[in-house]
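In what follows, a single structure is set out as structure tokens and then discussed.
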Amino acid sequence: MEEKIKAHTLLLVYLTSWKEDELYEEMRRSWKGYPFDVLNELTDEDFIRGSIRSKSVYLTEAGIIEAKVLMKKYQVNDV
């Protein structure tokens, strides 16, 4: 069950993210509105990154790829 929660959280982070072009490269950011223990696991797997003090995280390239795989698995339309 924990793996499903983690997968769905990553998918929700991706689906609720926005593109941020102001930095040297495009990034996808999302608010930290999810259980911190799950966000910590996603950080440990390098799917997301962000400061402990920050209210948002950004998706890594691996996180975006995994989220797109999950979208196909659950037949979610692309954002």
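The first residue in the sequence is number 1, and the count goes up from there.
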If you round to the nearest 0.5 Å, how far is [atom2] of [Y] from [atom1] of [X]?
{"X": "I64", "Y": "S17", "atom1": "CD1", "atom2": "OG", "answer": "7.0 Å"}
{"X": "E61", "Y": "F47", "atom1": "CD", "atom2": "CZ", "answer": "12.5 Å"}
{"X": "L70", "Y": "K73", "atom1": "CG", "atom2": "NZ", "answer": "7.0 Å"}

For Y74, which residues count as a ring-ring contact (aromatic ring centres under 6.0 Å, His included) partner, sequence neighbours excluded? H8
For D46, what residues pass the side chain to side chain contact (heavy atoms under 4.5 Å, CB included) criterion, not counting sequence neighbours?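 Scan of D46 (side chain to side chain contact (heavy atoms under 4.5 Å, CB included), adjacent residues dropped) gives R49, T60.
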Show which residues join V69 in its hydrophobic cluster (side-chain heavy-atom contacts under 4.5 Å, direct or indirect), or state none. none
Does I52 sit in a hydrophobic cluster with other residues, and if so which ones, taking ILVMFWY side chains as linked at heavy-atom separations under 4.5 Å, directly or through other members? none
Between S56 and R29, which heavy-atom pair has the shortest distance, and what is it? OG-NH1, 3.5 Å
Any link between [X] and [Y] through a network of hydrophobic side chains (Ile, Leu, Val, Met, Phe, Trp, Tyr) touching at under 4.5 Å?
{"X": "L59", "Y": "V76", "answer": "yes"}
{"X": "M71", "Y": "W18", "answer": "no"}
{"X": "L10", "Y": "I65", "answer": "no"}

May I have the list of side-chain donor-acceptor pairs in residues 34-43 shorter than 3.5 Å, sequence neighbours left out?
unit_1, atom_1, unit_2, atom_2, d
Y34, OH, L12, O, 3.4
Y34, OH, T16, OG1, 3.2
N40, ND2, F36, O, 3.2
T43, OG1, L39, O, 2.9

What I'd like to find out is whether the side chain of K19 reaches to under 4.5 Å of the side chain of R28, using heavy atoms alone.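 Counting from C-beta outward, K19 and R28 do come under 4.5 Å.
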Non-neighbouring partners of E3 that pass salt bridge (Lys or Arg N to Asp or Glu O under 4.0 Å), sequence neighbours left out: K6
Using the side-chain hydrogen bond (donor to acceptor under 3.5 Å, both in side chains) criterion, which residues pair with W31? Sequence neighbours excluded.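 With neighbours one apart ignored, the set is empty.
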